[in-house]
*Asks:* 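Here it is, the structure, as C-alpha cells.
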Amino acid sequence: MFRAIAVRFLSKQAVSKVPERNYIPRRALMYVPGDDYKKINKAFGLDVDCIALDCEDGVALNKKDARSNIRAVLDQGKPQKKKNYDFGVRVNSIESGLCHQDLESCLTGRNLPDTVLFPKVEEGDHLKWFADEIRHLIKNNGKINLIIYIETARAFINLNEICKTAMQLSKRFNFIPSALVFGSDDFCANIGQRIHWKFCMHGKKLVLVAKAYNLQAIDMVYIEYKDLDGLKLQCEQGMRMGYTGKQVIHPGQVPVVQEAFLPTKYQIEWAEGLLKSFEEHQKSGKGAFSYRGSMIDMPTMKQAQNIMKLANLAE
Ligand SMILES: CC(C)(COP(=O)(O)OP(=O)(O)OC[C@H]1O[C@@H](n2cnc3c(N)ncnc32)[C@H](O)[C@@H]1OP(=O)(O)O)[C@@H](O)C(=O)NCCC(=O)NCCSC(=O)C[C@H](O)C(=O)O
Ligand SMILES: [Mg+2]
C-alpha cells in the first residue's frame, strides 16, 4: 500500500519535472550590435523569428555603453511587425564584470525584452547569480524567457546540472528557460581550436540535453556570411541533428535559415496523409499499418504531428 502511494507520488513528481512550454519559433536568431542604430532599424524591417540586440561580442570593448541604446529602444516599445517575433537582449557574461550593468540597464525600464540571452554559462551557480539579479531588478511580476549559451568545455561537462538548476530556479524566480545555444566560436577559442565543423559530438550532446529538458536547441553561427550554399548545407545538418534554429549575423542569412528550419512541402504532404490514415486505422482497431511502403505506428504518428505543429506555428 505504502509502496503504491510512493510510486504514484514519485511518478507524479517525474511527470511534472519538465514542464511543457509555449513554443516561440526561433528558426533564425539574428544578432544586431546594440551600439549600431542603423543595423537595429534594419533588423526591425526583416522577416525574422528572433532579434537579439547584442551587448556582448558583436560590440567593441570601448562601446559597451550599447546597453543605454538598447534601453532607449526598449523604452520606445517593441516595434510591431506583421508577424510576432522574439525580441531579446544578449548581455555580457558574468566573467566580463559587465553583466550586472547590462541587466540593470535593460530590465529596469518601461518595457522588458521578451528574452535575455545569457552567454558563457558554465555551472548552475551562474544561474543562481542570474536569478538573484533579476529578482531584484524586475518589478511588477514581469517575466522573461532565458536563453542559455553553452560555449566552453566546463559548460559541456556541467550541461545537465545547468539545465536542472535552470528548471528548479524557474519555479521560484521570474524567468522561463527556453533554449540552449551552441556557441561554437567561443568553444573553439576555449579549447584552443580553429575549425569547428568537427565538433558534431558536442553539438549532438547539446541537442540531447536540450530535448530532455524541453528546451529549444539553437545551432552554431556560420561566419562565412556570403556563402549561402554552405549555410544551407549546415542548416540541414543541424536540423537533422535535432536543432530547432540557428544563430545569424547578417540579413542575407535570414531567409535561408528561416526556410531551412521549416518542413518542406513534401514533408507536410506526407505528414497530412499519414495523420489521416492513422486516424482511419485507429478507428478500425489497427495500431500498426503500412503507409507508402513504411510501417507506421504511434512514434511515426508523433513525428508527423511534430512536422504539422512546426508548419502551423511558423505560418
Ligand atoms: C559581419 C558584419 C560586420 C558585416 O557588416 P557590413 O559590412 O555592414 O555588411 P553589409 O554591408 O553586407 O550589410 C548590408 C546591410 O545590412 C546591414 N547589416 C549587416 N549586418 C547586420 C546585422 N547583424 N543586423 C542588422 N543589419 C545588418 C548593414 O548595415 C547594411 O545595411 P544598409 O547599408 O542599410 O543596406 C555585420 O553583418 C555584423 O556586424 N554582424 C553581426 C556580428 C555579430 O553580432 N557578431 C556576434 C554574434 S556571433 C556569436 O556571438 C557566436 C557565438 O557566441 C559563439 O561563440 O559561437
Ligand atoms: Mg559566444
Side-chain angles (χ1 to χ4, degrees), residues 26 28-64 66-67 69-70 73 79 81 85-96 98-99 102 115-122 126 146-156 162 179-200 202-203 206-207 216-228 230-231 234-235 238 243 245-258:
R26 292 189 186 90
L29 185 164
M30 163 101 178
Y31 294 108
V32 188
D35 61 322
D36 190 334
Y37 273 123
K38 188 171 162 245
K39 285 188 171 55
I40 293 175
N41 285 328
K42 177 112 185 166
F44 288 132
L46 300 173
D47 181 13
V48 61
D49 284 348
C50 176
I51 294 174
L53 302 190
D54 198 10
C55 298
E56 206 216 8
D57 290 345
V59 174
L61 287 176
N62 61 1
K63 289 282 174 68
K64 289 297 182 184
R67 63 175 81 89
N69 285 1
I70 296 175
V73 173
K81 298 206 285 170
Y85 62 100
D86 186 44
F87 182 24
V89 175
R90 182 167 72 167
V91 293
N92 284 285
S93 66
I94 295 183
E95 198 188 18
S96 70
L98 300 168
C99 192
D102 293 343
T115 301
V116 169
L117 298 89
F118 191 28
K120 300 184 180 71
V121 175
E122 295 201 302
H126 285 180
L146 177 67
I147 296 185
I148 299 170
Y149 280 67
I150 301 301
E151 37 192 357
T152 63
R154 275 190 69 213
F156 273 103
I162 289 170
L180 297 181
V181 168
F182 182 21
S184 58
D185 277 1
D186 268 304
F187 181 65
C188 284
N190 180 251
I191 66 165
Q193 262 293 347
R194 170 71 190 92
I195 300 167
H196 50 62
W197 318 118
K198 307 264 185 252
F199 297 129
C200 280
H202 302 88
L206 185 140
V207 171
Q216 292 170 8
I218 299 174
D219 203 0
M220 58 172 83
V221 71
Y222 191 72
I223 59 174
E224 285 81 14
Y225 65 89
K226 291 182 183 168
D227 172 16
L228 299 184
L231 174 69
Q234 208 184 68
C235 286
Y243 278 99
K246 191 169 183 68
Q247 301 163 80
V248 162
I249 48 169
H250 189 275
Q253 294 184 315
V254 170
V256 177
V257 174
Q258 294 271 121

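Counting starts at 1 for both ligands and their atoms, in listed order.
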*Asks:* Hey, is NZ on K81 packed in by over 12 heavy atoms from elsewhere, all under 6.0 Å?
*Replies:* yes
*Asks:* Pair D185, D57 - check side chain to side chain contact (heavy atoms under 4.5 Å, CB included), show working.
*Replies:* CA-CA 11 Å; D185 277 1; D57 290 345; over 6 Å; no
*Asks:* Quick one: name the protein N/O/S atoms under 2.8 Å from the Mg ion (ligand 2), chain by chain.
*Replies:* E151 OE1, D186 OD2
*Asks:* Please list, by chain and number, the protein residues whose heavy atoms come under 4.0 Å of ligand 1.
*Replies:* M30, Y31, V32, P33, K38, K39, K42, G58, R90, E151, G183, S184, D185, D186, V221, Y225, Q247, I249, H250, P251
*Asks:* Looking at E95 and K120, would you say the former's side chain and the latter's main chain have a donor-acceptor pair under 3.5 Å?
*Replies:* no
*Asks:* Determine whether the aromatic ring centres of F187 and F156 lie less than 6.0 Å apart.
*Replies:* yes
*Asks:* Do Q234 and K246 meet the criterion of a side-chain donor-acceptor pair at a distance under 3.5 Å?
*Replies:* yes
*Asks:* Report the residue from Q247, H250, E56 that forms a side chain to side chain donor-acceptor pair (under 3.5 Å) with Y31.
*Replies:* Q247
*Asks:* I want to check something: taking the side chain as every heavy atom from C-beta on, are D47 and V254 in contact at a cut-off of under 4.5 Å?
*Replies:* no
*Asks:* With D102, which of R67, R90, K64 fulfils salt bridge (charged side-chain N to carboxylate O under 4.0 Å, His left out)?
*Replies:* R67
*Asks:* Does P251 reach the side chain of K39, with side-chain heavy atoms less than 4.5 Å apart?
*Replies:* no
